S.K.: 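I have a structure here, written as structure tokens, and I will follow up with some questions on it.
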Amino acid sequence: MRRVCIFGAGAIGGELATHLAIAGAEVSVVARGALLDAIRARGITVRTRDGAILHCSPYAASDDPRDLGPQDAVVVAVKAPALPGVAARVAPLLGSETPVAFVMNGLPWWYGMGAAGPPAEAVLPDLDPGGVLHAAVGEARVIGGVVYSACTMVEPGAIHSGHASNKLVIGEPDGQLSDRALSLAALFEAGAMPCRVTRDIRAEVWGKLMTNLASGPICLLSRSGLSKSFADPVVRAAAIRAVQEGMAIANAVLGRPLGGTAEARIDRLAATDHKPSILQDLEHGRALELEALLLHPLRLARRTGVETPTLDLLTALASQAAERADVYRPRRSEIAALPEEGGG
Ligand SMILES: NC(=O)C1=CN([C@@H]2O[C@H](COP(=O)(O)OP(=O)(O)OC[C@H]3O[C@@H](n4cnc5c(N)ncnc54)[C@H](OP(=O)(O)O)[C@@H]3O)[C@@H](O)[C@H]2O)C=CC1
Ligand SMILES: CC(C)(CO)C(=O)C(=O)O
């Protein structure tokens with residue numbers, strides 16, 4: 001595996017590109033606007049938490065995938081609302097065997113896929129509205145991905161990475177330890193990005209989601225980073241309750257306990273002053289990942305009969321804040337409407 005394209009060279013995609021470059025991969029990026037201009041002029045630079053500087057001068061950078069051509073692998077690292085745009089443009093990057101790894105937060109569009117997929121009651125009908133990703137990417141190419149990182153694009157092409165121990169976990173939706181997943185993981189490992197292949201990518205998705213369920217809406221409302229928001233004991237207590245509710249949803253959906261405690265998850269988050277990416281989006285007027293991070297999990301809570309009063313309140317307030325800022329239009333305006341999933 002040598003030719004890898006990052007689709008969406010933002011905070012996370014840019015960081016991943018630098019690691020692939022360290023591994024000696026032929027990295028191409030799909031980017032646009034001022035970011036594309038900056039990448040073409042100066043490449044991508046990441047300053048890590050301990051002050052190290054990583055750099056990537058992509059082999060090619062374009063807003064038109066036709067300029068980049070078929071790849072050995074594609075890594076998609078866009079925000080969830082941008083996925084239909086990926087579906088519309090990804091075709092030129094795909095050779096007959098090209099896998100597409102989705103390295104994103106939230107309940108992913110591919111969640112219901114694979115022979116060893118979840119039971120029908122754990123699958124929502126509207127994760128891929130219109131089926132556009134199914135049509136453009138298809139089941140056979142998908143690799144799931146979860147990234148533990150904390151990145152901010154401080155100026156176009158310049159990223160600050162604030163996580164104490166970055167890592168990537170990838171996995172096939174059908175649980176196989178495939179050669180292609182192992183090759184992609186080996187490439188990231190060679191580029192100093194710890195990367196593991198799991199047989200249980202859905203549990204990993206839920207595990208990571210626990211951090212976003214609490215940190216996303218709380219920091220959206222406080223307009224502060226993690227350490228500042230969670231320093232208030234009232235907020236910390238609410239965050240713990242939110243994660244406990246999230247863990248109850250995960251346990252009901254997965255049919256087994258997630259492991260770990262809500263307190264430990266919040267304390268790990270509180271150790272960084274990172275502004276969650278959803279708050280960065282609000283501040284920059286970009287569409288929010290409220291569906292993938294909050295509303296889809298709450299739909300599953302309704303289905304499985306899990307009570308989520310804290311998450312309901314946080315989500316309703318976060319939706320209102322986002323609607324006021326014109327960065328989110330609820331498909332249904334109230335959390336109360338969630339049981340009637342799939343419409344609107
Ligand atoms: N930032 C973080 O610390 C973390 C983020 N994540 C998750 O990783 C994923 C990516 O987040 P993040 O990197 O922060 O997001 P960013 O917004 O920083 O990066 C996404 C990039 O994709 C670009 N993009 C989207 N669609 C297209 C398109 N059609 N053509 C070209 N470029 C496109 C965006 O451009 P434009 O801005 O012009 O739309 C943007 O540059 C999200 O799911 C997020 O939740 C996970 C862990 C931590
Ligand atoms: C906050 C963090 C780092 C972990 O929840 C994250 O995933 C994000 O910024 O989107």
Side-chain angles (χ1 to χ4, degrees), residues 5-17 28-39 44 46 49 61-65 67-68 75-90 93 101-109 136 145-154 156-169 205 207-220 225-227 229-230 239 242-243 246 265-266 268-294 327:
C5 178
I6 303 282
F7 200 128
I12 292 296
E15 179 178 58
L16 296 178
S28 299
V29 299
V30 180
R32 59 189 175 195
L35 175 59
L36 176 60
D37 294 342
I39 292 175
I44 301 167
V46 176
R49 182 172 164 132
S62 178
D63 53 8
D64 186 345
D67 297 338
L68 310 178
V75 176
V76 177
V78 300
K79 292 279 169 39
L83 280 172
V86 174
R89 302 171 70 83
V90 73
L93 303 174
F102 289 83
V103 178
M104 298 169 56
N105 280 333
L107 265 198
W109 71 273
V146 171
V147 63
Y148 296 84
S149 182
C151 285
T152 306
M153 177 100 39
V154 288
I159 295 159
H160 178 227
S161 178
H163 206 277
S165 51
N166 281 357
K167 72 172 178 190
L168 188 58
V169 182
V205 164
K208 175 69 204 285
L209 193 50
M210 293 308 109
T211 64
N212 300 115
L213 278 173
S215 66
I218 284 180
C219 293
L220 206 66
L226 295 163
S227 54
S229 298
F230 294 148
V243 174
R265 289 173 196 274
I266 293 302
R268 273 197 300 276
L269 279 175
T272 148
D273 60 5
H274 172 72
K275 279 187 183 176
S277 55
I278 198 165
L279 172 56
Q280 297 178 37
D281 289 339
L282 183 77
E283 290 180 344
H284 289 95
R286 299 187 294 235
L288 303 192
E289 294 182 299
L290 284 178
E291 290 282 337
L293 266 49
L294 292 159
V327 285

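Here the structure is a predicted model, which is why all the values come from computation and not from measurement. One-based numbering, in listed order, for ligands and for the atoms of each.
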S.K.: Should you measure from each heavy atom of Asn105, which atoms of ligand 2 turn up under 4.0 Å away?
M.R.: 6 (C), 7 (O), 8 (C), 10 (O)
S.K.: Counting non-hydrogen protein atoms only, what is the nearest one to atom 3 (O) of ligand 1? Give residue, atom name and distance.
M.R.: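 Here the closest protein heavy atom is Cys151 N, 2.6 Å.
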S.K.: Taking atom types as modelled, find out whether Glu289 and Asn212 have a side-chain donor-acceptor pair closer than 3.5 angstrom.
M.R.: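 Side-chain D/A pair, Glu289 to Asn212: absent.
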S.K.: Write down the atom of His274, the atom of Gln280, and the distance for their closest heavy-atom approach.
M.R.: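 So the two residues come closest at CE1-NE2, 3.4 Å.
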S.K.: For atom 40 (C) of ligand 1, what's the nearest protein heavy atom and its distance?
M.R.: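 The closest one turns out to be Gly10 CA, 4.2 Å.
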S.K.: Between Val30, Leu35, Leu36, flag the one that comes closest to atom 41 (O) of ligand 1 by a heavy atom.
M.R.: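 Among Val30, Leu35, Leu36, the closest heavy atom to atom 41 (O) of ligand 1 comes from Leu35.
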S.K.: So is there a nitrogen or oxygen of Ala31 less than 3.5 Å from a nitrogen or oxygen in ligand 1?
M.R.: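 Min N/O separation from ligand 1 is not below 3.5 Å for Ala31.
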S.K.: So is there a nitrogen or oxygen of Lys275 less than 3.5 Å from a nitrogen or oxygen in ligand 2?
M.R.: no
S.K.: With sequence neighbours excluded, tell me which residues meet ring pair (Phe, Tyr, Trp, His ring centres under 6.0 Å) with Phe230.
M.R.: none
S.K.: Taking Leu226's backbone N and O only, do any of them form a donor-acceptor pair with Ser229's side chain (distance below 3.5 Å, no angle check)?
M.R.: no
S.K.: Check whether any side-chain N or O of Thr152 sits under 3.5 Å from a backbone N or O of Val154 as a donor-acceptor pair, and report yes or no.
M.R.: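 Pair absent, no side-chain N/O of Thr152 close to backbone of Val154.
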S.K.: For ligand 1, which atoms have a heavy atom of Glu289 less than 4.0 angstrom away?
M.R.: 42 (C), 43 (O), 44 (C), 45 (O)
S.K.: Look at ligand 2 and say whether Lys208 reaches it with a heavy atom at a distance under 4.0 Å.
M.R.: yes
S.K.: Give the contacting part of Leu293 toward ligand 1: side chain, backbone, both or neither, where contact means a heavy-atom distance below 4.0 Å.
M.R.: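 The answer is neither; Leu293 stays 4.0 Å or more away.
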S.K.: Residue-level breakdown please: for Phe7 versus ligand 1, do any non-hydrogen atoms fall below 4.0 Å on the side chain, on the backbone, on both, or on neither?
M.R.: side chain
S.K.: For atom 13 (O) of ligand 1, what is the closest protein heavy atom, and at what distance to 0.1 Å?
M.R.: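 Sorting protein heavy atoms by distance from atom 13 (O) of ligand 1 puts Ile12 N, 2.8 Å first.
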S.K.: Determine whether any heavy atom of Ser149 lies closer than 4.0 Å to an atom of ligand 2.
M.R.: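 The answer is yes, since Ser149 has a heavy atom less than 4.0 Å from ligand 2.
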S.K.: Would you list the atom pairs, donor with acceptor, under 3.5 Å between side chains in residues 75-82 and any protein atom, with sequence neighbours excluded?
M.R.:
unit_1 : atom_1 : unit_2 : atom_2 : d
Lys79  : NZ     : Asp281 : OD1    : 2.9
Lys79  : NZ     : Asp281 : OD2    : 3.1

S.K.: Could you check atom 7 (C) of ligand 1 against the protein and tell me its nearest heavy-atom contact, residue, atom and distance included?
M.R.: Asn105 ND2, 3.4 Å
S.K.: Identify the closest protein heavy atom to atom 23 (C) of ligand 1: which residue and atom is it, and at what distance?
M.R.: Gly8 CA, 3.9 Å
S.K.: Please report which non-hydrogen protein atom sits nearest to atom 47 (C) of ligand 1, along with the residue it belongs to and the distance in Å to one decimal place.
M.R.: Lys208 NZ, 3.3 Å
S.K.: What residue and atom, counting heavy atoms only, is the protein's closest point to atom 11 (O) of ligand 1, and at what distance?
M.R.: Lys79 CE, 3.4 Å
S.K.: Considering only heavy atoms, does Ala77 approach ligand 1 within less than 4.0 Å through its side chain, its backbone, both, or neither?
M.R.: backbone
S.K.: Heavy-atom contacts with His274 under 4.0 Å: which atoms of ligand 1 show up? List them by number with element.
M.R.: 3 (O)
S.K.: Looking only at protein heavy atoms, which one is nearest to atom 9 (C) of ligand 1, and how far off is it?
M.R.: Val78 O, 3.6 Å
S.K.: From the options Arg32, Met153, Gln280, Arg286, select the one whose nearest heavy atom is closest to atom 35 (O) of ligand 1.
M.R.: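 Among Arg32, Met153, Gln280, Arg286, the closest heavy atom to atom 35 (O) of ligand 1 belongs to Arg32.
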